[in-house]
Amino acid sequence: MNQLSLAHIEKKYGDYVASGDVSFDIPKGSIFGLLGPNGAGKTTLIRMITRITFPDSGTILFGGEPLRESHTNRIGYMPEERGLYKTMKVYEHLIYLARLKDLSASEAAKRVNHWLDKFDIASWKQKKIEELSKGMAQKIQFIATVLHDPELLILDEPFSGLDPINAKLIEDEIYALRQMGKTIIFSTHRMEQVEDICDEIVLVHKGHKILEGKVAELKQQFKENKYSILYDGVISNGFADKFEVESVENQQAIVLAHASNNEILRYFLDHNITVRAYNEILPSLNEIFIKAVNEQNIK
Amino acid sequence: MNKILIIIRREYITRIRKKSFIISTLLAPLGFFALIMFSILMSNYSGSSKQVGIIDDSGLFAAVTFPDAADGSVVFHYEDGTKTKEHKKYDAIIEIPANYDIDNPKKVTINCVSEKSVGMIASTYINKTFSEKVRKLRASRMNISQDQLDNLNTDIELTYQKLSEDKKKGTNSMVGMIFGYMIGLAIYALLLVYGTMIMKGVAEEKTSRIMEVLVSSVKPIQLMLGKIIGIAAVGLTQFALWIILMGISIFLIIPALGFAHMPSAPAVPVSGGFDPDTAQQWVNVLRSYHYGPMVIVLIIFFLGGFLLYGSLFAAIGAAGGDETDSQSLTFPVILPIIITVAMMSNVLGQPEGKLAMWASFIPFSSPIIMPALMPTNPPFWQILVSFLFLFGGFMFCVMLAARIYRTGILMYGKKTTFKEIGRWLFTKN
């Protein structure tokens, strides 16, 4: 079942196409990567999902129903450009944001306390936001996003400005939320960040969808049969004559395997060179993106 | 609870709790109190008592007693000019020349000689005393009795009445004008101060980037109205507290300090030129007003005006972003407020004139003009028409502002021009 379905979404600002006929589905309980360079139209799509703006045409289904106002209480959105009221105290600020999501006062208090305890920051309650470091404020921002227990979580560049420890904390939390059946949309232009995290992705560029699918499948689809061989010893010039070699340096050879793997390995065995590792090189999402954009342009 | 109420509550509470709010709420009445105390003390303060010698070379005033000023600021010493010429112990000497002609008092003048200036209050008192005494002497030479003289001296005060209204209730138009002017100025100040506060609040939400978090939970129009109403409530609270605190200072603290007798003290007319009869008359006029309708009109028009201007200020805050940017966009919003205040004395001078009528109908000026006109008893239909126009006006402005607002709050990094804002009015969301 899909948590969210976008069909033929169009949005223009004057002559500028922010979103041109974009369609994709986000399965329930998945971590979904909304990827693309800056200005690709990611934020425009998110704003339409959160009902901040509305598409010129096309439909958005939330859990199978046409998206409506009441659904916004079931969505948690952490924007890329995020901030908090500087002079408010942590506790009252979180309560305020929770109540704007229609939580009752007592329920809001309960949840805020739960999350502050969970992140081990209950001592910050009476601190003003302006007294917090950037990383601390990010944690508060994350709590604000998940306080109302949303079914769909939209995180726009969630790791920007986070140190590795806090990034790990948020990452673990994202996995935990998926475990609980929540759907997470992860929007970023830094594709290397999400390779391991996302189940599925959609790649957008200049307002248009370029690619979509499961990360593992896309990698298979775009792989170039490249292999990396780590070895000890010296390989002779004959190696490059026999195989299509991309590079040989620092005891590592990268080979485009038109020949079978076994043939390549036999060379090493025959020449008595120790092989330490032999593995296939799958393209990174970045490479897939560049390749897909180029293909699109050729078309 | 409705989301808009939650927003109103936050806007209200965070501002009420601010030190700056508490300080300004307490300081303004304190300043007012200090001003009253100061003026009372000043009028009470006898200063250095001026010893004034009267050297009467003419001998005309030998039988006249010159009363000292009640507050002791002027003490007269009559000396027959023929006896002594010891002048030095006086602060000022009034020389009545030997050839002084009482029947023709302007031919030869009486001189007042002093080393230092005697000061305004003392010289006013001396002038008044001498005019009175000369008049009295001349009257007796013309065989006019004291009673006849008093009778001639009575000032008359016209009582202005409105033809259509209850004839017993004379309306002193002067009091109405001043009172109305004060009401108008108070609304003007509240609109400007709290309107700017709205603009800054919106700009802050935009620059601190909390806006984007908020609009995923609430509609922009809720956010905008919540802020305007919340801040309007702050303004009304401050206004009410000022009135209460000033009331306490006037009716409780000042009398308690023992100045209760002051307004009726005989020294007042001399030093201030304000006589107790006039004061009593003013009080009577002020008492004659129907305060109930006045307060209702004041609150309704203040809120209407605040929604109208507040929404425009909010739109500018949303369009501008950083504060300097907003300030250059503020001018067209502030301009009608300033024009209205500039018109106010003309309007109140002729409360039934054409200008007054139009100014009370146009929604950009009516929030200030209509409550200011209330002490002049405008007809009910005028209030009603004014209200209907204002209602339409603020609905229109809120709608217009909401369109600018919802686009403006999500626009970053571009310098906003009026042309750009014009485009936002017609873009779909």
Side-chain angles (χ1 to χ4, degrees), chain A residues 11-14 16 43-44 46-57 69 71-89 92-105 108 128-130 137 140-142 144-145 147-148 150 152-154 156, chain B residues 1-21 200-223 226-227 230 318 321 403 405-414 419-420 422-424 426-429:
Chain A
K11 177 78 180 172
K12 283 184 185 172
Y13 291 108
Y16 178 72
T43 303
T44 304
I46 292 173
R47 282 180 179 172
M48 288 186 282
I49 295 168
T50 50
R51 285 177 64 92
I52 293 172
T53 56
F54 300 90
D56 298 340
S57 65
E69 184 64 33
H71 287 140
T72 53
N73 286 342
R74 291 152 68 183
I75 299 175
Y77 172 37
M78 185 162 93
E80 176 183 7
E81 298 289 0
R82 48 191 168 248
L84 298 162
Y85 287 112
K86 291 188 185 70
T87 52
M88 271 181 107
K89 288 175 179 161
E92 62 176 359
H93 203 315
L94 286 172
I95 296 278
Y96 176 62
L97 291 174
R99 302 221 54 202
L100 286 184
K101 288 288 189 186
D102 272 348
L103 288 190
S104 71
K128 283 187 177 173
I129 299 294
E130 62 193 351
I140 302 298
Q141 201 102 44
F142 182 80
T145 314
L147 261 179
H148 56 293
L152 175 64
L153 217 69
I154 303 172
D156 200 350
Chain B
M1 192 155 65
N2 190 334
K3 287 179 183 179
I4 201 164
L5 286 178
I6 297 171
I7 296 167
I8 292 172
R9 201 170 149 259
R10 192 204 82 88
E11 296 293 337
Y12 183 74
I13 288 179
T14 51
R15 285 190 169 76
I16 293 283
R17 277 197 313 217
K18 265 190 189 160
K19 279 196 199 88
S20 57
F21 176 83
K200 282 189 176 157
V202 174
E204 186 217 317
E205 276 170 349
K206 194 177 163 184
T207 42
S208 77
R209 310 283 164 133
I210 186 159
M211 197 62 102
E212 190 125 357
V213 179
L214 295 176
V215 285
S216 69
S217 302
V218 293
K219 289 193 212 126
I221 181 90
Q222 290 176 315
L223 210 54
K227 180 168 284 291
R403 295 186 82 101
Y405 183 87
R406 57 155 207 227
T407 311
I409 51 176
L410 298 174
M411 288 283 172
Y412 293 109
K414 247 196 275 182
K419 201 176 145 196
E420 181 89 359
R423 232 191 340 260
W424 295 353
F426 302 105
T427 52
K428 282 176 288 163
N429 201 344

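Just so it is clear, the values below take in all heavy atoms, side chains as well, and ignore hydrogens, waters and symmetry mates. Below, chains carry the letters A, B, ... as their sequence lines are ordered, and counting in each starts from 1.
- The main-chain N or O of B/E204 is never found under 3.5 Å from a side-chain atom of A/K86 such that the two would form a donor-acceptor pair.
- Every salt bridge (Lys or Arg N to Asp or Glu O under 4.0 Å) that B/E11 has, sequence neighbours left out, goes to B/R15, B/K227.
- One distance of note links CD1 of B/I7 with OH of A/Y96; it measures 4.5 Å at 0.5 Å rounding.
- Contacts of A/K101 classified as side-chain contact (heavy atoms from CB on, under 4.5 Å), with partners at least two apart in sequence or in another chain: A/N73, A/H148, B/S216, B/S217.
- Per-residue counts of heavy-atom pairs under 4.5 Å with chain B were compared for A/R51, A/M88, A/E80; the largest is that of A/M88.
- Top candidate by heavy-atom pairs under 4.5 Å with chain B, chosen from A/G83, A/A105, A/S104, is A/G83.
- For A/H93, the part lying under 4.5 angstrom from a heavy atom of chain B is the side chain only.
- Proximity to chain A is limited to the side chain of B/L214, based on heavy atoms less than 4.5 angstrom apart.
- At a 4.5 Å heavy-atom cutoff, the contact between B/V213 and chain A is made by backbone and side-chain atoms alike.
- Side-chain atoms of B/E212 and A/T43, non-hydrogen and from C-beta on, do get closer than 4.5 Å to each other.
- Comparing B/K219, B/R10, B/K18 by how many heavy-atom pairs each has under 4.5 Å with chain A, the most go to B/R10.
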